[in-house]
Amino acid sequence: MWPPLPTSDLVTRIGRDVERSILRARNGLRYAQAMGRPRSGATPKDVVWSRGRAELWRYRGGPIKYDPPVLIVHSLVSRSYILDLRAGSSSVEYLLDAGFDVFMLDWGIPDERDADNSFETYVDDYIPRAVAAAHEVTGASSLTMMGYCLGGVLAILYAAGEAGAAVRNLILLATPVDFREMGSMVAGVLAGRLDTEDLIDETGNVPADVLYSGFYMQAPTKELAQYATLLENLWNDQFVDAYQAMAQWSRDHVPLPGAATRQIVEGLIRENTLMTGRWRLGGRTIELADVQADVLNAVAERDNVVPRSASEPIMDLVGDPAHREQMLLTGGHVTFGAGSHALRRTLPRLSAWIAEHSDELDPPKER
């Protein structure tokens with residue numbers, strides 16, 4: 001028989017449980033009310049260039065300690081605020097605090113006006129113009145380009161082209177090149193069960209909910225486990241705020257332009273063309289080995305969206321073998337973006353690599 005609890009301990013436990021029950025009820029209501037509320041990032045920024053729905057943002061912060069500036073090229077299928085999710089849990093904020101001049105190339109929310117956007121649109125038009133704008137406002141002649149997920153593919157193609165000499169460092173975060181290794185995300189296309197036109201709606205684009213379904217099928221039981229964890233921690237304000245922000249982003253996909261979709265399906269998935277080391281775009285052949293930058297291939301051990309096997313061939317294909325480096329990180333696909341794990345483990349290592357491959361300014365430069 002268990003010994004009885006001292007009266008003071010029992011009262012303390014009851015008081016704590018009552019308090020947590022009240023907090024659970026309050027935070028549960030807050031969470032329900034907040035679902036569907038749009039998020040747009042936490043760090044103050046200025047728009048320094050725009051074209052169509054795309055914008056180039058320059059973030060405001062303290063002194064700039066390193067040159068060249070860092071330009072983040074986000075994916076085409078998700079919202080960029082995962083890299084600036086909330087104050088105290090933001091990759092952008094971390095890099096600013098480390099002394100980097102940080103830019104983000106955000107693609108906005110495509111609509112029927114963007115249905116004809118192809119990889120050429122982004123690689124030959126949008127990215128060069130955004131790079132020119134970053135050079136103009138900073139006075140820099142080179143930059144560190146950081147591509148996340150499919151944004152990494154765009155960054156590789158740009159850096160391998162004629163204008164790519166401006167890219168001093170190329171950082172690829174969870175970037176797929178072997179699309180045969182993308183698992184259930186591409187299984188229907190590879191097996192012939194899905195054709196491009198099955199995915200595209202009347203706007204000429206792939207709807208956001210179709211993309212969400214593809215990501216959901218990567219781990220269909222994960223959401224249930226996350227809800228259970230949320231219920232257990234509803235009393236914890238900090239946990240609920242972080243969960244709410246991440247849950248909103250995970251559902252907040254954007255349409256994918258139809259022209260780019262056709263190139264992804266036929267070129268990247270069915271032909272698996274990047275594994276040949278080249279891709280024909282805009283009437284010319286881009287050789288991945290022509291990248292002149294120092295290349296960092298950052299992969300996560302437990303990435304269920306872009307598995308390591310889909311990213312690791314970068315080490316055989318992109319740039320000069322003497323200037324390639326791979327960084328294996330713990331965590332999953334969003335490890336690069338937000339959360340305590342990113343702040344403790346991922347971002348310190350990425351930031352240190354950028355600093356080692358940059359010039360330290362003495363004295364620092366004001367923004």
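Computed over heavy atoms, backbone and side chain alike; hydrogens, waters and symmetry mates excluded.
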Audit row: S118, Q263, side chain to side chain contact (heavy atoms under 4.5 Å, CB included) steps and yes/no: CA-CA 7 Å; S118 63; Q263 290 174 300; 3.2 Å; yes
Check against side chain to side chain donor-acceptor pair (under 3.5 Å), E271 and T273: CA-CA 5 Å; E271 297 176 12; T273 189; 4.8 Å; no
Heavy-atom pair with the smallest gap, counting every atom of R324 and M315: NH1-O, 2.6 Å
Side chain to side chain contact (heavy atoms under 4.5 Å, CB included) evaluation trace for V177 with E312: CA-CA 8 Å; V177 290; E312 288 184 331; over 6 Å; no
Parallel, tilted or perpendicular, as decided by the 30° and 60° cut-offs, for the rings of Y148 and H74: tilted
Side chain R60, main chain K45, donor-acceptor under 3.5 Å: yes
Spacing of CZ belonging to F103 relative to CG belonging to L143, to within rounding of 0.5 Å: 9.0 Å
Over 12 foreign heavy atoms within 6.0 Å of CD, E136: no
Transitive ILVMFWY side-chain link I156 to M275, under 4.5 Å: yes
Under 3.5 Å donor-acceptor, N205 side chain and P207 backbone: no
E197 atom CD, over 12 foreign heavy atoms within 6.0 Å: yes
Cluster overlap L173 with V299, hydrophobic side-chain contacts below 4.5 Å: no
Smallest separation among heavy atoms of Y122 and P257, with atom names: OH-CG, 3.3 Å
Any donor-acceptor N/O pair, D303 side chain to V306 backbone, under 3.5 Å: yes
E181 with R308: basic N within carboxylate O range, under 4.0 Å: no
Under-4.0 Å salt bridge between E266 and R262: no
Straight-line distance of L328 CG to N297 CG, nearest 0.5 Å: 10.0 Å
L76-L281 co-clustered via ILVMFWY side chain contacts under 4.5 Å: yes
ILVMFWY cluster, L268 and I127 together (side-chain gap under 4.5 Å): yes
Euclidean distance, I171 CD1 relative to N169 CG, rounded to 0.5 Å: 6.5 Å
From CA spacing to verdict: side chain to side chain contact (heavy atoms under 4.5 Å, CB included), V167, Y158: CA-CA 9 Å; V167 181; Y158 173 78; 3.7 Å; yes
Shortest non-hydrogen contact between C149 and P176, atoms and distance: O-CD, 3.8 Å
Check against salt bridge (charged side-chain N to carboxylate O under 4.0 Å, His left out), R284 and D124: CA-CA 11 Å; R284 86 284 193 195; D124 297 337; 2.6 Å; yes
CG/D201: more than 12 non-hydrogen atoms of other groups inside 6.0 Å: yes
L172 side chain near S311 side chain, heavy-atom distance below 4.5 Å: no
Side chain to side chain contact (heavy atoms under 4.5 Å, CB included) between D111 and R53, intermediate numbers included: CA-CA 9 Å; D111 58 27; R53 263 51 58 204; 4.1 Å; yes
Candidates I72, V92, L96 - the one meeting side-chain contact (heavy atoms from CB on, under 4.5 Å) with D84: V92
From CA spacing to verdict: side chain to side chain donor-acceptor pair (under 3.5 Å), R280, T285: CA-CA 4 Å; R280 188 161 181 79; T285 299; 3.1 Å; yes
Ionic contact status for D178 with R180, cut-off 4.0 Å: no
Test applied, side-chain contact (heavy atoms from CB on, under 4.5 Å); reference residue, R58; option that passes from V102, D101, V47: D101
F119 and W279 aromatic ring geometry - parallel, tilted or perpendicular at 30°/60° bounds: perpendicular
Any donor-acceptor pair under 3.5 Å from D320 side chain to V291 backbone: no
Heavy-atom check, side chain of L317 versus side chain of I314, under 4.5 Å: no
Closest heavy-atom pair and its distance - L157, L288: CD2-CD2, 4.2 Å
Nearest heavy-atom neighbours spanning T43 and S90: OG1-OG, 3.9 Å
Backbone of D294 reached by a side-chain donor or acceptor of H357 within 3.5 Å: no
Nearest-0.5 Å distance, CD1 of residue I354 to CZ of residue R349: 13.0 Å
Under 3.5 Å donor-acceptor, S351 side chain and L95 backbone: no
Interatomic spacing from OG in S142 to CG in D67 - rounded to 0.5 Å: 6.0 Å
Among V254, T261, I264, L256, side-chain contact (heavy atoms from CB on, under 4.5 Å) partner for V77: L256
Heavy-atom closest contact (Y66 atom, A98 atom, distance): CE1-O, 3.4 Å
Lys/Arg N to Asp/Glu carboxylate O, D359 vs K65, below 4.0 Å: no
Note, R345 side chain near T330 side chain (heavy atom, < 4.5 Å): yes
Stepwise side chain to side chain donor-acceptor pair (under 3.5 Å) check, W353 with E325: CA-CA 10 Å; W353 190 92; E325 183 178 347; 2.9 Å; yes
Minimum side-chain heavy-atom gap N117-Y126 below 4.5 Å: yes
Atom pair CZ/CH2 of R129 and W49 - distance to nearest 0.5 Å: 7.5 Å
same_hphob_cluster(M146, L296) at 4.5 Å side-chain heavy-atom cutoff: yes
